[in-house]
Every structure is written in C-alpha cells, then in structure tokens.
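Okay, so here's the structure we're looking at.
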Amino acid sequence: MLVSVDRGETRVALLEATGTVAERKPASGGRRRRRSGNPAAGYQVAELYLERRGARSIVGNIYKGRVDNVLGGLEAAFVDIGLEKNGFLHVDEIVLPGVEAPRRGRGGSRDARQITDLLKPGQEIVVQVVKDPLKTKGARLSMDLTIAGRYMVLAPFGEGVGVSRRLDDKERERLRKEAAKLDLKGFGAIVRTAAQGATRADLERELLYLFKLNEVLQRRVAETPAPVLVFQEADLSVRVVRDIFSEAFERAVVDDPKQHHRLVSFFTRTAPELVDRVELWEEDTPLFETYGVEQVLDSTLSRRVDLPSGGYLMIDYAEALTVIDVNSGSFIGGRGKGARLEDTITKTNLEAADEVVRQLRLRDIGGIIVIDFIDMARARNRDAVLKTLRAALGEDRTKTFVVEISPLGLVEMTRQNVTDGVREIMTRPCPTCGGEGVIKSEETIAIEFERRLREVAARSSAEALLIQMNPRVSAEFTADGGRVLHLIEEQTGKTFVFEGSEGLPLDHFDVLLEGNRDEVLVRALPFREGEEVHVEIVEPHMYNPGDAVAKIDGYIISVTGGTPYVGEKHLVRIEEAGRTAARASLVDVPGVASDGSSDGRSREAPASVSGSDGDGLESKPRRRGRRGGRRRSGATAESAPSSAE
C-alpha cells in the first residue's frame with residue numbers, strides 16, 4: 001500500500017504481486033530501507049483512491065437531519081442534512097425503536113405502517129450517509145447506523161453478531177465463538193475480514209472503543225439542533241488502512257511524516273503487530289513515480305486499454321451505464337494449419353476478462369456495466385470466459401452481480417457505486433462540448449453562418465460589414481480563392497470582411513462594424529506599412545521559391561527570403577498590407593534585404609496580382625486569408641491585442 005500526501009489531495013494505491021517479489025526485511029524505526037533495483041518489480045497497481053481537501057467523501061458520516069418532504073408514492077423521504085442537496089431516505093432504510101417499517105418486496109407484515117405515518121415534515125432524525133451525492137442526485141441515507149472499527153462494526157440498532165463471508169468457514173466459526181462471549185449491551189455487531197487471526201482480547205478492546213464513540217455520538221445528537229454533522233468518518237488514508245490493511249500486506253509506504261505518525265499511532269492502538277510494516281518514504285524520487293503509479297493514474301482517463309496479445313478494450317461512459325467493448329486489434333492468433341479463428345477470439349476474450357475487472361477496480365466504475373465480448377461460437381468457450389471474469393471479480397471487495405453471457409457475447413453486471421471514481425474526481429465536463437464528446441465541425445458552422453450572413457445583409461443598408469468569427473470557420477469562406485465568399489457577395493451586394501482569433505469559440509458570430517467599404521477595410525487592416533512584428537515562420541511559400549509564410553490568427557504574411565528560417569521566430573517589417581494578406585521583409589537577419597537578396601545576389605521578386613479587393617498582394621492562385629485584430633506599431637504577435645479586445 002502506498003500513501004502519498006500533497007497540499008491539495010491524498011492518494012492511496014494498492015499494489016498486488018503478479019510474480020516473485022523480493023523477501024521483505026523489517027525496517028527498524030519505521031524507516032524505509034534502501035533497496036537496489038526496481039522496487040515496483042513483481043507488482044501491478046490494483047486499486048486507486050483519491051480525496052481532495054475540499055471534497056472529502058461523506059460516506060459514513062452521521063447527521064442529525066430534518067425531514068423536508070415525505071413522498072408516499074416513492075416510499076421515500078427527503079432529509080435536510082445541511083448540504084446543498086437534500087439526502088434521499090428510502091422506506092427500507094428507516095429504523096425506529098419499537099416500530100415495524102414496511103419492507104418493499106420482503107413480505108413485510110400487512111399491519112406495518114406506511115412511510116407517511118412513520119415520518120412527518122419537520123421531524124428531526126439521525127441518519128448516516130451510505131452513498132455520496134453523485135451527479136444530480138443527493139446523498140443516499142440510512143437510519144440503520146453503524147460505527148466502524150478495525151475488527152468490528154458496531155450497529156446500535158442491530159441484533160446479534162455477524163461475521164464477514166470473505167473469511168473461510170473455519171475462521172468464521174472461530175470468530176463467531178469468540179464474539180459470542182462479548183457483552184454487546186443490547187447492540188449488534190459485525191466482525192470484519194480484517195479480524196482474521198484476532199483474539200478475544202482484541203475484540204474486547206475494539207468493542208470498548210466503539211462504545212465510547214457511540215456515547216460521544218449520542219451526546220452530540222442530544223445537544224445540537226438539526227441539521228448538523230454529529231460524527232465524521234476518518235480521512236482517506238486511515239479509512240483505507242483500517243478497512244483493508246492486514247497481514248496479507250507486505251508494507252504500507254507513506255511519503256508524509258505527519259501522515260506516517262498518524263498511521264503508526266492508529267496501528268499502535270488497534271494492531272501493534274502491524275506497526276513495523278508502516279514505513280516512511282525519504283527518497284528524492286517521488287513515491288508514486290518510483291512505483292509507476294503516476295502512469296497508471298493517467299491511463300485511467302483514456303478510453304482505450306491495450307491487451308497483451310494486441311487486442312484492446314474501449315470504455316465508454318453513459319448516464320445509466322458503462323459499456324466496455326472488446327476488440328481483437330492487431331492480434332492474429334496462431335499460424336499454420338491448426339490455427340483457428342475461434343481460438344484467437346477466445347484467447348482475446350480471456351485476456352479481456354481479467355483486464356476488465358482490473359479497470360473496474362482501478363477506475364472504481366459502478367452501476368450497470370455491459371461488456372461486449374467478441375462473439376464465440378462454442379458454449380464451452382463462453383463458459384470459460386465467464387468463469388475467468390467471475391474468478392477475477394473474487395478479488396474485488398466491492399459488491400458485484402453478474403448475469404450469464406448472452407448468445408451475442410454480452411455480459412451484464414452491476415457493481416456497487418458508493419463514491420466518485422478517479423475519473424470523476426480528476427476531470428470535469430468539457431466546456432466546449434458539454435460532455436457530449438463531439439462538437440459541430442467548422443464546415444457545419446460555416447454553412448450555418450452563411451445563412452446568417454445573408455440574413456444580416458438583408459437587414460443592413462451598409463455597403464460593407466466587418467464580421468468577427470473564429471479563423472478556422474472563416475477559412476471555409478476564404479478557401480479556394482474565396483469562391484464561397486465571392487458568391488455570397490455577388491448575391492447580397494455586400495462586402496464582407498472577417499476578423500477573429502483562435503481563442504474565439506467556433507460558434508462565435510458578431511457584427512463589429514457596418515459602413516462603407518473604405519471604412520470597413522481601414523478598420524479591418526491588422527497591420528500598417530512600416531510596422532515591425534515578431535512572427536513564427538511556419539512553412540515555405542507554395543508559389544514563390546525562397547519566400548515563406550507566417551500566420552497570425554489566420555492572417556497570412558508572406559516573408560521575402562524566409563525559406564531558410566522556417567520553424568523560427570523572427571522580426572519582420574510589413575512592406576504592404578491588405579485585408580487578406582501582407583508582404584513583409586526580415587529585419588533581424590543580417591545581410592537579407594527587403595527584396596530577399598543576399599550576398600550581392602538578387603532574388604526574383606514574388607509574383608502578385610491585383611484581386612477584386614484591390615490588395616495587390618495575393619499570389620497565384622489568388623487566396624483570401626483570415627486576419628487577427630489591428631496591431632500597434634512595434635507590438636509582437638504574442639502581445640498584440642486584437643480589435644475585438
């Protein structure tokens with residue numbers, strides 16, 4: 001287990017052995033011993049947990065809340081617990097002393113009272129969060145409170161003792177006998193998986209601690225008005241080591257001295273035999289980087305996951321479910337007469353079954369999950385893939401339910417969704433596409449804007465209009481020698497000039513100026529003759545050998561003699577400027593004249609023709625570029641504000 005603590009977040013990674021690992025030697029004083037070689041060898045990252053300082057999980061928190069609304073049709077109540085959204089309390093989660101609540105689909109008594117009889121608006125109740133607020137939904141609540149320790153969970157409204165089913169039958173029976181001798185004071189309790197090997201003395205010590213926590217909880221409930229938090233769960237690192245860390249773990253490595261001290265103190269009180277397994281990372285290389293966790297963390301944001309044989313998974317998220325598609329990719333199977341397609345498909349699916357479960361755990365994917373395996377003709381192969389999937393899920397601590405594989409190769413399953421996964425914590429919806437994953441193309445937007453240009457022209461009495469839009473969209477009008485723009489101008493009788501920058505949204509459209517042609521052209525000119533500007537020379541000129549092209553927000557600047565300097569930034573002087581293009585000469589290159597000549601040898605001047613706009617700058621074939629805003633004399637391309645600013 002690795003625990004990394006930064007100012008903004010706490011991260012925990014669980015690594016599982018995949019092969020032979022070096023035998024561990026205890027580190028004296030909780031200090032990490034220096035190891036030669038790669039410390040991550042033989043391990044792979046199995047689970048990841050993140051918690052931000054300002055967005056801690058509230059699962060396990062207990063609140064004194066106030067019932068806001070009771071809906072008999074939903075058999076549920078909405079409870080104000082002091083958060084932005086009310087919590088959701090279903091009738092199945094209502095626990096009141098001496099009162100039998102209805103149980104949906106559980107054959108409850110006919111005499112059981114309805115939820116509208118059990119709860120009333122304004123009533124104060126104590127609830128615990130069992131599921132974080134997710135997307136548009138508020139927190140899921142329960143009145144069946146539990147207080148978790150390392151070995152046991154105390155249930156103030158429960159009865160009897162339960163033992164984790166993850167333990168083998170012999171250990172379960174032993175712990176059941178040990179717990180039966182405990183004085184629970186009328187409460188219920190659950191013995192956890194971490195209690196494997198625990199003695200009766202360990203359980204008694206734990207129980208006394210839980211009783212004290214319950215006393216503090218009841219006192220806060222009695223003294224504070226609703227809505228209020230009365231019990232807060234431990235932070236991420238303590239929560240994970242409490243719930244997971246056991247004799248099965250080789251060590252826990254922590255890179256923060258304060259957090260290391262907290263974990264040592266926790267184990268000193270709850271499991272002294274594990275104290276020497278908590279080590280402080282004091283190396284210069286970051287902990288997560290050394291063990292390769294950073295790369296795995298970044299990979300959880302990718303849709304594609306490659307398989308060892310050459311196949312791959314594609315993971316797509318939707319509101320109601322997650323879809324995982326299995327593809328054979330570059331895997332071509334065996335060679336020779338014995339090679340069969342069915343064997344190739346089956347091997348890919350078997351690899352995918354293991355990797356799917358790994359990704360479910362890494363990304364903490366919950367809810368409904370549909371896995372689209374490659375179609376298999378034989379039933380025994382489908383059974384083998386399903387068996388592999390279920391065996392891998394046996395290592396997953398989160399509750400899952402898997403349906404039989406269908407003839408189409410689909411597997412439907414559910415996985416308990418309690419908190420946001422790594423992807424939800426690390427990302428936010430794209431502000432451009434709104435989370436859809438697609439946006440309108442430049443061509444589509446240009447076609448829409450063509451209609452708007454005609455509408456604007458019909459309403460305006462001006463001779464020319466200055467239109468602001470993204471250069472990638474205006475390029476759709478000015479491409480092919482401005483064929484589309486010429487057609488629109490002929491049909492409307494107007495002159496259109498474009499201005500904009502790459503920073504504008506693709507769907508931005510604004511009329512900046514309406515007036516006579518000369519006024520608009522003067523306003524639209526981004527540069528004046530004699531101005532000097534820093535530009536990046538991006539490519540050789542297509543038609544003028546020796547010259548090169550620079551672009552600023554789509555405005556094209558032909559740089560005389562610039563071919564040797566493609567890919568470099570240079571200071572140029574504008575010699576001629578038009579509404580669609582400009583010609584410039586190099587200023588900061590010694591020995592290069594304004595006509596491109598060097599070392600006494602003259603270079604042929606670039607060919608140009610006078611277009612219909614009168615620029616006299618456009619090379620054959622004629623092209624109409626885009627432009628940025630007006631530049632001030634001496635300003636660089638990086639600092640020059642556009643006219644829109």
Compile the donor-acceptor pairs under 3.5 Å between side chains in residues 304-314 and protein atoms, sequence neighbours left out, one pair per line.
unit_1: R304; atom_1: NE; unit_2: D306; atom_2: OD1; d: 2.8
unit_1: R304; atom_1: NH2; unit_2: D306; atom_2: OD1; d: 3.3
unit_1: S309; atom_1: OG; unit_2: E351; atom_2: OE1; d: 2.8

Closest non-hydrogen atoms of T300 and L297, given as atom of the first, atom of the second and distance, are OG1-O, 2.6 Å

Nearest non-hydrogen partners of P564 and G546, listed with the distance
CD-O, 4.5 Å

Hey, is [X] close enough to [Y] for a salt bridge, meaning N to O under 4.0 Å?
X    : Y    : value
R11  : E294 : yes
K569 : E536 : no
R452 : E448 : no
R517 : E463 : no
R358 : E355 : yes
D316 : R303 : yes

Any donor-acceptor pair under 3.5 Å linking the side-chain atoms of Y49 with those of E47?
yes

Side-chain donor-acceptor contact under 3.5 Å, Q44 with T18:
no

From the options V473, L504, L453, select the one residue that forms a side chain to side chain contact (heavy atoms under 4.5 Å, CB included) with F509.
L453

Can you tell me how far OG1 of T322 sits from CZ of R363, rounded to the nearest 0.5 angstrom?
10.0 Å

Given the rule in the salt bridge (Lys or Arg N to Asp or Glu O under 4.0 Å) test, do R451 and E455 qualify, once you have shown the distances and angles that lead to the verdict?
CA-CA 6 Å; R451 301 188 189 103; E455 293 173 1; over 6 Å; no

Side-chain donor or acceptor of K494 paired with backbone N/O of V456 under 3.5 Å
no

Ignoring hydrogens and angles, tell me if any N or O in the side chain of R53 forms a donor-acceptor pair with the backbone of D6 under 3.5 Å.
yes

Is the distance from the ring center of Y43 to that of Y291 below 6.0 Å?
no

For the pair F477 and F498, name the ring-plane relationship: parallel under 30°, tilted 30 to 60°, perpendicular over 60°.
tilted

